[in-house]
Amino acid sequence: MANSFTRLISGRNAAVVLASLGAGTMATGFLLSENVSLAAEARTKLYPPSSDFPDLRKHSNCMAAALTPAIYAKLRDKLTPNNWTLDQSIQTGVDNPGHPFIKTVGCVAGDEESYEVFAELLDPIIKDRHNGYDPKTMKHPTDLDASKITNGVFDENYVLSSRVRTGRSIRGLSLPPACSRAERREVERVVVTALAGLKGDLAGRYYSLGDMTDKEQQQLIDDHFLFDKPVSPLLTCAFMARDWPDARGIWHNNEKTFLIWVNEEDHTRVISMEKGGNMKRVFERFCSGLKKVEHLIQERGWEFMWNERLGYILTCPSNLGTGLRAGVHVRLPKLSKDPRFSKMLDNLRLQKRGTGGVDTAATGDTFDISNNDRLGKSEVELVQMLVDGVNHLIECEKKLERGQDIKVPAPITQFRK
Amino acid sequence: MGGETLLGTIGIFVSTPDSNSPQIRQQGSAMPFGNTHNKAKMNYDSDQEYPDLSKHNNHMAKILTPAMYERLRSKETPSGFTLDDIIQTGIDNPGHPFIMTVGCVAGDEETYEVFKELLDPVIEDRHGGYKPSDKHKTDIDPANLKGGDDLDPDYVLSSRVRTGRSVRGFCLPPHCSRGERRAVEKLSIEALASLTGDLNGKYYALKNMTDAEQQQLIDDHFLFDKPVSPLLLASGMGRDWPDARGIWHNDNKTFLVWVNEEDHLRVISMQKGGNMKEVFNRFCTGLTKIETLFKERNHAFMWNEHLGYVLTCPSNLGTGLRAGVHVKLPNMSKNAKFEDVLKKLRLQKRGTGGVDTAAVGGVFDISNADRLGFSEVELVQMVVDGVKLLVDMEKKLEKGQSIDDIMPAQK
């Protein structure tokens, strides 16, 4: 051990390094001595946290708003048990200054422990992003009992399709920004083995991205199932595209109503979807599928990352809690042109997107309407809010068709104390 | 603070206020992944970590066997750069059946030593058989260049020489922290600010420039932008853009330095017309002055007698020099012997937009193909002599004459 140390710090290399750093002969003498802590300390003095603090003056994301020089100084030299650092967490936010209108999160977790080790930065970001949810004092409710949903079948003259998605991470393995190839392959192995145990309407097949035939690829594209190598710099700057397409793939059931993405932006993304308006059935399959998969991995000694502060742990802080986005493609030709539409959505805690998903424009009068919230409310609560909200929007559309007036609903309260 | 334990762990213990277990901050840098992350990977077998290179066609993929991966994966340079850091760009960019990319980068000067087992064969493959025992000649004395001041300006539209330099003691662009990158910038600004006379100039930091300055730099063809090539981005070079990046040029706009783009410094001398001798003079004078100014501030350039000047990409070792012209060769370029002539002259062609662009209007960018194993003077001599011959051939073809009697021998 002494030898490896002296190999590192003594010799020509060190002398050159030190000479380059302008260190005088006295300091050089100290640094060449076999005193480890002084050498590491010297490096810390040469590059104190202030010299590394990122320039965030033109930035507009949650990380830039929360990261002060004091917090940076405290956290810069910390490591999670998987050796993930603060600099790696925030790289995506440093590289993507953001947009005044769209506030991105600007940081990612490399592992479950990131949320603990870097809590001083991540807790305020979570609070900012999740409407005041305070991880230090609040608990997140998990509820996957789909039988509680009422009025969950929409008028199919308006609702074209229904979908619920979330993510799940495998405890004990690093997340996509940080994972090594071996870890990523292990995630794939654990998940694919579990999925092979699904039966009945959930029986299905796995397609590895690297191995699929052209024909399989075309079919997956036609089904709108295929995901491709991330091009968004928000993701690539977070190191998520490394080693593509190694250990990435898509699993779906034979009926094409339950789909799992492996090792894209999270360990798994789980999607339940159908044409038409039967959101209740979509959510039932979602909950049942998730529970079965969880059971199958537990049989082999694995579990999902979850805790009562933050719910299900995912790569992006924006997806903590439920990680759930429940949505419909819905036609609202008259309502969407009403000037009160945006306010109505806000009050109902819903968001609109184009039918291509996030950052796309709506085609015609068809919108993707989904829940805004992820953390602080359970899955059942969020899906019920979506169901109630969409039913209300459809009622308004019908009223406008009949020439009647509509009212903007009162805003839904954020959190129960 | 027992001496034995500290020597054993090579690091300092940073205890965190809220936890019982200390977390070790390794001495090396952690960007983008580095040795801290590497320690965690050692929990898995080498086969589990070995990348899938079955569809790959780059120098790294040809050379990195599973056995070599196993031998090298536990190593790290003193600043903490590891094997996976070196090869990430080659894994993420499988390459192209016709274009052989290098597929690996250095994070610091020591990378080329610590990972010799991988990089020596890569260098040998890329640089025409250059052996680990070979010595590289450096010669930036412009007086040694013969001729070069009389390339026909009716054909040769512009002349340019570029190279790179790395500042010893700092990590290279794939690995440097923000603090290091800023330190390189600060040093560069100080050194360049001392240049005088024909080399008097100004620095434009990328993040501070006004719209007017930016437009001017674009019009002058000086501005470099954030890399978009996945070859560069996958290696971590685009991090923190545009922090500590900038462009310096002299008032005459004939000498230009890029700071912290793909290398610490890229140095470019250029002017319209065919006076390559003048371009090379300024290049050598400028480089020598800059080197002196850095040395006065206790910083040498990275250089050794085996690899010459050390740069981020193994393809740029040695001289890192590309000397080239934009030259009109409408007839020659359509001639069946064009490729063969270029090969014999040790030259390569590119479009006028640079690498990976097409030629427009019969105008080609012709430059030296080699970087390592020949000195700067030798390479520029090859360009000067070669371009002269190409222009003579062009003139002959214009007159309908044959070029067979002036075909060159293999250099």
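Lettering of chains follows the sequences in order, A, B, ..., and the numbering in each one begins at 1.
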Let me know if B/E49 has heavy atoms under 4.5 Å from chain A in its side chain, its backbone, both or neither.
both
One should read off an interatomic distance between B/D84 CG and A/D243 CG, to the nearest 0.5 angstrom, of 8.0 Å
Using non-hydrogen atoms only, which part of A/E183 is less than 4.5 Å away from chain B: side chain, backbone, both, or neither?
both
Please flag which part of A/I90 lies under 4.5 Å from any non-hydrogen atom of chain B: side chain, backbone, both or neither.
side chain
Between A/K58, A/R242, A/K229, which residue shows the highest count of heavy-atom pairs closer than 4.5 Å to chain B?
A/R242
Heavy-atom pair with the smallest gap, counting every atom of A/N82 and B/A40
O-CB, 4.0 Å
Tell me whether the count of non-hydrogen atoms from other residues, nucleotides or ligands lying under 6.0 Å of CG in B/N208 goes above 12.
yes
Check this for me: B/K75, atom NZ, are more than 12 non-hydrogen atoms of other residues, nucleotides or ligands nearer than 6.0 Å?
no
Is the side chain of B/K207 donor-acceptor paired with the backbone N or O of A/D55 at a distance under 3.5 Å, no angle test?
no
Counting only heavy atoms not in A/R300, do more than 12 sit closer than 6.0 Å to its CZ atom?
yes
Write down the atom of B/Y44, the atom of A/L173, and the distance for their closest heavy-atom approach.
OH-CD2, 3.4 Å
Measuring from atom CD of B/Q48 to atom CZ of A/R185, what distance do you get when rounded to the nearest 0.5 angstrom?
9.0 Å
Interchain contact, A/R189 with chain B, by part (heavy-atom threshold 4.5 Å)
neither
Given A/G110, A/C237, A/A178, A/P233, the one with more heavy-atom pairs under 4.5 angstrom with chain B than any other is A/A178
Main chain of A/S51, side chain of B/R182: is a donor-acceptor contact present, judged purely on distance under 3.5 Å?
yes
Atom NZ in B/K41, atom CZ in A/R181: separation rounded to 0.5 Å?
6.5 Å
Rounded to the nearest 0.5 Å, what's the gap from CZ on B/R178 to CD on A/Q91? Could you check?
6.0 Å
Does any heavy atom of chain A fall under 4.5 Å from the side chain of B/F294, the backbone, both, or neither of them?
neither
Among B/D92, B/D52, B/I91, exactly one meets side chain to side chain contact (heavy atoms under 4.5 Å, CB included) together with A/D246. Which residue is that?
B/D52
